[in-house]
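As the structure lists them, so they are numbered: ligands from 1, and atoms in each ligand from 1.
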Amino acid sequence: MTGASSGIGEETARLLTSKGWTCVLVARREERLRPLAEELGGEVELCDIGDREAVGALGERILGRHPAIQLLVNNAGMPARGTYLTVEPELVERVMDVNYHGGVWCTRALMPGLRTAASAGGAHVVNLVSVAGTVAFAPAGAYAAAKHAQLAYSRSLAAALRGSGISVHAVLPGFVETEGFPQKGVLKSRVLGRFVIEPPRVAEAILAAVEKDKREVTVPWFPYRVIAVLQVLAPGLVGRFTGMSGYRPGSIPES
Ligand SMILES: NC(=O)c1ccc[n+]([C@@H]2O[C@H](COP(=O)([O-])OP(=O)(O)OC[C@H]3O[C@@H](n4cnc5c(N)ncnc54)[C@H](OP(=O)(O)O)[C@@H]3O)[C@@H](O)[C@H]2O)c1
C-alpha cells in the first residue's frame, strides 16, 4: 500500500487489516507510518516513489520478506493546483514523476511477487486514479494530465495481464477531503463542494473493486460518471464549466 501515511491510503490500510490482510505501509513520513504500523501490525517501508532507483531497492526489500504479493495498491499521490498558465515547471514534472511514473515503477518492481501470488491463486493491482483522469480539470491542469497518463497505464496494464491471474483495477474518486487535498477549504464552487466525500468511502470502493473484480470504479458514481461521459461527447461544454471552476485565492501559486 503506497501513500499509507494519510488520507485514502491510511483508511484503506485500516480496512484491509480489518479484513485480515497484512499490509506493508509505504510513504516518506516515518513519524506517521510507525504508529500506524504498530496499531495495525503492519510493516513500514520509507520510499519516495517518484525516484525510480529508490523504488527498485524498495521492491527488493519487500520481495526479500514477501516472495508472493497478493495485492498492490498504487495510492501515493500529490496535488498540483493551478492552471498550465500558473503552475511552476518543476511541479509539472514532479506530479508526473509521482502520480504517474511512481505507480509504474512500483508495479514493475513488485511484479515477481505478484506473478508468484497469481500462480498460487491470484493477485491484484489497484491504481488510485481520479475523476481528473477522465475529465481535463483546468484548475489543476498538470495533475489532470498525470492522472490521464495513469489511467492509460492502468488500462493498458490490465489488457497486457489478461489471463495472467493478475487483475488490474482503476479506482477513480471525485473530490475527497484529505490532508494533501483539503477540498472543502480550497474549492471555489459551492456546487462542487457539495460532492466532497470522506476517505472511508474510497477505501470501501477499493476493497469492493478487489472482492468483486471490478475493472474501473468511479466513486461516487454521480455526478462524476456523467461528467466523464460528457467530456467525451461534449468537450466544449465541459471545458467551459471547468474553465469557470477554480480554487480559492491563496490555495494556488500566483501567475
Ligand atoms: N483527495 C482527493 O480529492 C483525491 C481525488 C481523486 C484521487 N485522489 C488520489 O488519491 C491518492 C491519495 O491521496 P489522498 O487524497 O489520500 O492525499 P493525502 O492524504 O495527501 O495522501 C497522499 C499520500 O501519498 C504519499 N506520497 C505523496 N508523495 C509521495 C512520494 N513522492 N513518495 C511516496 N509517497 C508519497 C503521502 O505520504 P508522505 O507525504 O508521507 O510521503 C501520503 O501518504 C492520490 O493518488 C490522489 O491523487 C485524491
Side-chain angles (χ1 to χ4, degrees), residues 1-15 23-37 42 44-55 57-59 72-81 90-91 93-106 109 126-135 137 139-140 142-151 153-154 170-187 192-193 195-203 205-206 209 216-220 224 227-228 247 251:
M1 159 69 57
T2 70
S5 60
S6 64
I8 295 167
E10 180 178 341
E11 282 304 327
T12 306
R14 286 184 197 285
L15 182 62
C23 296
V24 179
L25 310 171
V26 179
R28 294 165 302 174
R29 286 173 296 173
E30 185 169 12
E31 74 281 8
R32 300 290 288 266
L33 289 183
R34 291 270 171 226
L36 183 66
V44 169
E45 281 292 349
L46 302 178
C47 183
D48 176 348
I49 61 142
D51 177 339
R52 180 156 54 89
E53 275 185 29
V55 174
L58 168 77
L72 164 63
V73 185
N74 284 314
N75 163 76
M78 58 179 283
R81 284 183 279 278
E90 291 75 17
L91 187 53
E93 291 173 351
R94 179 71 177 152
V95 75
M96 203 58 143
D97 281 342
V98 174
N99 291 7
Y100 163 48
H101 290 133
V104 177
W105 307 146
C106 288
V126 177
N127 295 307
L128 251 291
V129 188
S130 168
V131 167
T134 57
V135 177
F137 189 59
Y143 177 81
K147 288 290 173 182
H148 273 65
Q150 190 195 13
L151 182 58
Y153 135 75
S154 186
V171 174
L172 286 71
F175 296 110
V176 188
E177 183 69 16
T178 61
E179 218 173 286
F181 301 78
Q183 310 287 19
K184 289 176 187 160
V186 299
L187 284 173
L192 292 179
F195 293 103
V196 176
I197 59 169
E198 299 295 326
R201 189 142 169 212
V202 184
I206 292 170
E216 282 184 29
V217 182
T218 301
V219 53
Y224 300 108
I227 301 171
Y247 294 107
S251 61

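- Each of the following atoms of ligand 1 lies closer than 4.0 Å to a heavy atom of Val98: 28 (N), 31 (N).
- If you check each of Gly77, Gly3, Gly7, Ala13 against atom 22 (C) of ligand 1, the one with the closest non-hydrogen atom is Gly77.
- With a 4.0 Å cut-off on non-hydrogen atoms, Ala4 touches ligand 1 through its backbone and not its side chain.
- Using a 4.0 Å cut-off between charged side-chain N and carboxylate O, Arg201 and Glu177 make no salt bridge.
- Shortest contact from atom 47 (O) of ligand 1 to any protein heavy atom: Tyr143 OH, 2.6 Å.
- Residue contact check for ligand 1: Glu179 places a non-hydrogen atom closer than 4.0 Å to it.
- Among Val95, Thr12, Asn75, Val219, the residue whose heavy atom lies closest to atom 44 (C) of ligand 1 is Asn75.
- The closest side-chain heavy-atom distance from Leu15 to Pro200 is not below 4.5 Å.
- Remark: minimum distance from atom 16 (O) of ligand 1 to any protein heavy atom is reached at Ile8 N, 2.8 Å.
- Atom CG of Leu91 is separated from atom OH of Tyr143 by 12.0 Å, given to the nearest 0.5 angstrom.
- Atoms of ligand 1 found under 4.0 Å from any heavy atom of Arg94, numbered from 1 in the order shown, are 31 (N).
- In terms of protein heavy-atom proximity, atom 35 (C) of ligand 1 is nearest to Ala76 CB, 3.7 Å.
- Of all atoms in ligand 1, listed by their number and element, those nearer than 4.0 Å to a heavy atom of Lys147 are 45 (O), 46 (C), 47 (O).
- Here the side chain of Asn99 pairs a donor or acceptor atom with the backbone of Met78 at under 3.5 angstrom.
- The main-chain N or O of Phe175 is found under 3.5 Å from a side-chain atom of Tyr224 such that the two form a donor-acceptor pair.
- For atom 33 (C) of ligand 1, the nearest non-hydrogen atom of the protein is Cys47 O, 3.2 Å.
- At a heavy-atom cutoff of 4.0 Å, ligand 1 is contacted by the side chain of Gln183 but not by its backbone.
- Some N or O of Ile49 is nearer than 3.5 Å to an N or O of ligand 1, by distance alone.
- One finds a salt bridge joining Arg94 and Asp48 here, because a Lys/Arg side-chain nitrogen approaches an Asp/Glu carboxylate oxygen to under 4.0 Å.
- Remark: minimum distance from atom 31 (N) of ligand 1 to any protein heavy atom is reached at Asp48 OD1, 2.9 Å.
- Shortest contact from atom 5 (C) of ligand 1 to any protein heavy atom: Gly174 O, 3.0 Å.
- Few gaps surround CD on Glu31; more than 12 heavy atoms of other groups in view lie less than 6.0 Å from it.
- Ligand 1 has an N or O atom lying under 3.5 Å from an N or O atom of Arg28, backbone or side chain.
- Considering CD of Glu216 and CG of Asn127, their distance stands at 10.0 Å, rounded to 0.5 Å.
- For ligand 1, the atoms lying closer than 4.0 Å to a non-hydrogen atom of Ser5 are 36 (C), 37 (O), 38 (P), 40 (O), 42 (C), 43 (O).
- The closest side-chain heavy-atom distance from Ser6 to Arg32 is below 4.5 Å.
- Ligand 1 has an N or O atom lying under 3.5 Å from an N or O atom of Val176, backbone or side chain.
- On a distance-only criterion, Thr178 and ligand 1 share at least one N/O pair closer than 3.5 Å.
- The shortest non-hydrogen separation linking Cys106 to Asn74 is CB-OD1, 3.4 Å.
- Compare Val129, Leu172, Asn74 by their heavy atoms: the one nearest to atom 9 (C) of ligand 1 is in Val129.
- Residue Gly50 has no N or O atom closer than 3.5 Å to an N or O atom of ligand 1.
- At least one donor-acceptor pair under 3.5 Å links the side chain of Thr2 to the backbone N or O of Ala76.
- At under 3.5 Å, not a single nitrogen or oxygen of Phe181, backbone or side chain, sits near a nitrogen or oxygen of ligand 1.
- Taking a cut-off of under 4.0 Å to the non-hydrogen atoms of Gly180, the atoms of ligand 1 that pass are 18 (P), 19 (O), 20 (O).
- With Thr218 as reference, Val131 is the one residue of Val171, Val131, Ile227 to meet the side-chain contact (heavy atoms from CB on, under 4.5 Å) rule.
- At a 4.0 Å heavy-atom cut-off, ligand 1 does not touch Met1 at all.
- Rounded to the nearest 0.5 Å, atoms CG (Leu36) and CZ (Arg29) are 11.5 Å apart.
- When hydrogens are left out, the protein atom nearest atom 19 (O) of ligand 1 is Ser6 OG, 2.9 Å; that is the closest non-hydrogen contact.
- Formation of a donor-acceptor pair under 3.5 Å by the Gln150 side chain with backbone atoms of Ala170 is not found in this model.
- Which parts of ligand 1 touch Phe175 is read off a 4.0 Å heavy-atom cut-off, strictly below it: atoms 3 (O).
- Between Glu177 and ligand 1, no pair of N/O atoms sits closer than 3.5 Å.
- Side-chain contact check for Val219 versus Val176: every heavy-atom pair is 4.5 Å or farther apart.
- Counting all heavy atoms, side chain and backbone alike, Ser5 lies closest to Ala27 at OG-CB, 3.5 Å.
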